[in-house]
Peer 1: 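I have a structure I would like to understand better, so I am pasting it below and will then ask my questions one at a time.
The sequence lines fix the lettering, A, B, ..., with proteins before strands; numbering per chain opens at 1. Just so we're clear, the structure is a prediction, and the values are computed from it rather than from any experiment.
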Number of protein chains: 2
Amino acid sequence: MNKQIDIQLSANRKEKPSFSSLKFGKTYTDHMFIMDYSRENGWHDPRIVPYQPITLDPAATIFHYGQTVFEGLKAYISENEEVFLFRPDENIKRLNRSSVRMCIPEVEEELALEALKKLVSIDRDWIPNQEGMSLYIRPFIISTEANLDVTPSQTYKFMIIMSPVGSFYKEGMSPVKIAVESEYVRAVRGGTGNAKTAGNYAGAMIVQEIANAEGYSQVLWLDGKENKYIEEVGSMNVFFKINGEVVTPGLSGSILEGITRKSVIELLQHWGVPVSERKISIEELYDAHQNGQLEEAFGSGTAAVISPIGELSWKNEKMVINDGKTGELTMKVYKALTGIQTGKEEDPFGWRVKVD
Amino acid sequence: MNKQIDIQLSANRKEKPSFSSLKFGKTYTDHMFIMDYSRENGWHDPRIVPYQPITLDPAATIFHYGQTVFEGLKAYISENEEVFLFRPDENIKRLNRSSVRMCIPEVEEELALEALKKLVSIDRDWIPNQEGMSLYIRPFIISTEANLDVTPSQTYKFMIIMSPVGSFYKEGMSPVKIAVESEYVRAVRGGTGNAKTAGNYAGAMIVQEIANAEGYSQVLWLDGKENKYIEEVGSMNVFFKINGEVVTPGLSGSILEGITRKSVIELLQHWGVPVSERKISIEELYDAHQNGQLEEAFGSGTAAVISPIGELSWKNEKMVINDGKTGELTMKVYKALTGIQTGKEEDPFGWRVKVD
């Protein structure tokens with residue numbers, strides 16, 4: 001089986017969009033990575049080809065039973081034109097953990113990392129070199145067998161596509177309003193909440209639509225069993241600074257194991273800021289707010305890196321946090337992370353991976 | 001916008017497989033139905049075309065965020081060559097209910113029904129005319145917009161494909177062994193359990209794999225909140241005859257609203273057999289078994305119609321039901337339903353829909 005990445009360059013390079021008017025996830029680079037899986041041959045024929053549509057049988061199980069996993073990470077270009085990925089090995093490890101949950105065969109970590117680097121290197125002209133911009137990278141696996149029986153597919157495709165993204169904070173960092181969701185549930189322990197898989201996102205869309213219509217950016221999810229403990233915010237992990245200590249919900253099995261989340265925790269520990277991963281109920285948070293101890297709140301994720309939360313709405317109560325302004329520690333975490341990601345700051349953790 | 005179903009017949013009809021060796025969901029008929037949706041034009045261009053692959057952008061949201069719904073129903077051919085669908089209007093209504101949950105635009109019921117009938121009529125030679133066989137019909141909708149933003153797609157495809165299926169009970173009806181699942185959870189109230197959407201099935205595959213490896217056909221799912229109340233079995237609804245009364249879990253919001261389930265309830269009511277839809281805990285079931293009151297158990301669904309349960313395994317306990325044999329009422333329900341479906345029996349309910 002061929003395990004060498006074959007490269008077929010595009011003869012017709014697309015015109016690059018104006019980076020200042022980029023909308024997230026609408027423009028794709030010139031190339032993509034693709035690799036096939038079959039029971040007989042395992043993962044085989046890794047290749048970089050011109051970005052192109054894919055053709056599937058209408059009975060392909062991806063369309064019916066949703067066997068799929070994905071990842072999201074970014075490539076940054078530094079002022080002296082070095083290209084970096086941020087902890088890509090963590091993404092590949094998580095992709096494989098998600099795959100195990102979804103009965104999808106794991107990929108070889110080293111090969112996947114090589115594929116990421118090669119693809120970014122080939123399309124490096126697509127990385128916007130302006131403040132806050134980056135190249136979003138989407139590795140994903142889909143099941144492709146034509147089979148209506150509800151059983152794991154015998155064939156898969158692992159692909160990587162890339163999309164240049166504008167700054168999340170074009171008009172400066174501005175804290176968002178979040179509604180605590182008490183009717184819908186994102187995930188429950190024993191389900192697929194800690195896997196990065198399509199179904200979790202499809203199920204959440206209706207809630208996002210309702211929240212947007214009511215003037216909120218995102219929702220804060222509570223646990224599915226007791227509707228009591230805080231899980232995540234939208235598609236980000238969430239942190240609260242309460243009386244000097246930073247608290248984030250522990251990995252309960254239904255929470256996504258965010259790589260930005262992990263990095264925030266490690267950064268805070270490095271700085272000597274008290275941080276704990278534990279259960280935190282919405283009542284506890286409300287009480288902390290009433291007592292004046294809820295000092296800051298923010299979400300963490302690949303898209304925004306850090307997203308300050310200015311207001312939480314729960315039932316008929318509104319909790320305004322830090323006067324609706326970005327907290328000091330929140331900003332410090334944001335600057336430290338983006339500094340490391342973009343090569344502006346030292347990287348004492350070895351998180352940056354250089355692309356040649 | 002064109003709302004008339006356009007028909008383009010296949011010039012190369014496929015060779016039909018030997019119906020006696022059919023495997024479920026592996027062979028497809030000569031034609032398929034397809035209709036597109038866009039924000040501007042709504043659902044448009046309904047057409048029947050030769051069965052063929054579909055081509056999508058790799059960024060199509062179906063591959064990433066799983067916005068999709070599906071249905072399953074069957075066409076039967078009677079001894080005097082009449083072709084029937086079983087309650088297809090219920091499938092289309094449920095498709096639309098699922099779509100609402102998944103932020104997918106609803107289809108026009110009448111047009112969808114017409115599409116079903118026309119497609120079945122065109123490929124009627126594909127309906128196996130042997131005992132217990134039928135033509136499985138799979139309507140489904142997928143989101144197709146190329147967009148990595150987690151937001152409802154602006155474009156969709158509604159398709160119908162069909163696959164001839166052999167008899168579920170080739171060697172006679174034989175009760176299955178089921179394991180009560182206490183670790184994994186299929187769905188939780190507030191989630192997507194009552195929508196017929198891909199993510200529910202993808203998440204259940206690992207459990208099915210484990211159950212199969214341990215010698216069970218399916219698992220019995222408990223509720224996600226308390227891990228206590230019975231929900232469904234595998235991808236079927238479930239019924240228990242306890243001390244003369246038939247009990248099935250009520251529609252909690254996390255249980256699929258089975259059309260066979262509904263038909264079983266209506267049939268039992270018609271016969272004057274006591275039947276109730278209510279919460280039933282696994283402990284209650286266990287106690288009923290210990291007291292000798294658990295008389296019969298069966299699953300209901302489109303694939304098997306009725307599937308008798310001979311043994312339930314819960315923790316270290318094994319509950320053998322009716323000596324592991326198919327119960328009398330179970331068999332009566334099976335015969336009545338399949339009799340109506342295949343045109344062998346009278347249809348006092350008007351469930352059969354004739355295809356011209």
Peer 1: Heavy-atom pairs under 4.5 Å with chain B are the metric here; pick the option from A/Tyr51, A/Tyr184, A/Tyr65 that has the most.
Peer 2: A/Tyr65

Peer 1: Without swapping roles, check the side chain of A/Glu232 against the backbone of A/Leu256 for a donor-acceptor pair under 3.5 Å.
Peer 2: yes

Peer 1: As an exercise: rank B/Thr192, B/Ile206, B/Val150 by heavy-atom pairs under 4.5 Å with chain A and give me the winner.
Peer 2: B/Ile206

Peer 1: So which part of B/Asn227 gets closer than 4.5 Å to some heavy atom of chain A, the side chain, the backbone, both or neither?
Peer 2: side chain

Peer 1: Examine distances only and state if a side-chain atom of A/Tyr156 and a backbone atom of A/Ser153 form a donor-acceptor pair shorter than 3.5 Å.
Peer 2: yes

Peer 1: Quick one: of B/Glu181, B/Gln208, B/Glu145, B/Arg101, who has the most non-hydrogen atom pairs under 4.5 Å with chain A?
Peer 2: B/Arg101

Peer 1: Where the side chain of A/Thr29 meets the backbone of A/Ser163, is there a donor-acceptor pair that is under 3.5 Å apart?
Peer 2: no

Peer 1: Using non-hydrogen atoms and a 4.5 Å limit, figure out which bit of B/Ile54 sits close to chain A: side chain, backbone, both or neither.
Peer 2: both

Peer 1: Do B/Ser254 and B/Glu231 have a side chain donor and acceptor closer than 3.5 Å?
Peer 2: yes

Peer 1: Examine distances only and state if a side-chain atom of B/Asp223 and a backbone atom of B/Lys228 form a donor-acceptor pair shorter than 3.5 Å.
Peer 2: yes

Peer 1: Picking from B/Ile34, B/Thr151, B/Val69, which has the most non-hydrogen pairs under 4.5 angstrom with chain A?
Peer 2: B/Thr151

Peer 1: Find the one option among B/Gly72, B/Gly191, B/Gly199, B/Pro152 whose heavy-atom pairs under 4.5 Å with chain A are most numerous.
Peer 2: B/Pro152

Peer 1: Just checking, any donor-acceptor pair under 3.5 angstrom between side chains of A/Thr55 and B/Thr55?
Peer 2: yes

Peer 1: Under the 3.5 angstrom rule, does the side chain of A/Thr155 hit a backbone N or O of A/Ser38 as a donor-acceptor pair?
Peer 2: no

Peer 1: Please classify the contact between B/Arg189 and chain A as side chain, backbone, both or neither, with a heavy-atom cut-off of under 4.5 Å.
Peer 2: backbone

Peer 1: So, A/Thr68 side chain and B/Phe63 main chain: donor-acceptor pair closer than 3.5 Å or not?
Peer 2: yes

Peer 1: Can you tell me which portion of A/Phe140 sits under 4.5 Å from chain B's heavy atoms? Options are side chain, backbone, both or neither.
Peer 2: side chain

Peer 1: Out of B/Lys26, B/Met159, B/Glu183, B/Arg138, which one racks up the most heavy-atom pairs below 4.5 Å with chain A?
Peer 2: B/Arg138

Peer 1: Given a strict heavy-atom distance threshold of 4.5 Å, which part of A/Leu56 is in contact with chain B: side chain, backbone, both, or neither?
Peer 2: both

Peer 1: Report yes or no: is the cationic atom of B/Lys74 (NZ for Lys, CZ for Arg) under 6.0 Å from the centre of the six-membered ring of B/Tyr136, at an angle within 45° of the ring normal?
Peer 2: no

Peer 1: Using non-hydrogen atoms and a 4.5 Å limit, figure out which bit of A/Gln67 sits close to chain B: side chain, backbone, both or neither.
Peer 2: both

Peer 1: Is chain A contacted by the side chain of B/Phe70, its backbone, both, or neither, given a heavy-atom distance below 4.5 Å?
Peer 2: side chain

Peer 1: Below 4.5 Å, heavy atoms only, C-beta onward: do A/Asp57 and B/Pro53 meet side chain to side chain?
Peer 2: no

Peer 1: For B/Met205, is it the side chain, the backbone, both or neither that has a heavy atom under 4.5 Å from a heavy atom of chain A?
Peer 2: both

Peer 1: Say whether B/Lys196 and B/Tyr201, considering side chains only, have a donor N or O and an acceptor N or O under 3.5 Å apart.
Peer 2: yes

Peer 1: Report the option among B/Gly234, B/Ser235, B/Gly224, B/Ser182 that has the most heavy-atom pairs separated by less than 4.5 Å from atoms of chain A.
Peer 2: B/Gly224

Peer 1: Tell me, side chain or backbone of B/Phe24 under 4.5 Å from chain A's heavy atoms, or both, or neither?
Peer 2: both

Peer 1: Please rank A/Val100, A/Ile104, A/Thr61, A/Asn147 by heavy-atom pairs under 4.5 Å with chain B and give me the top one.
Peer 2: A/Asn147

Peer 1: Is it the side chain or the backbone of A/Ile161 that comes within 4.5 Å of chain B heavy atoms, both, or neither?
Peer 2: side chain

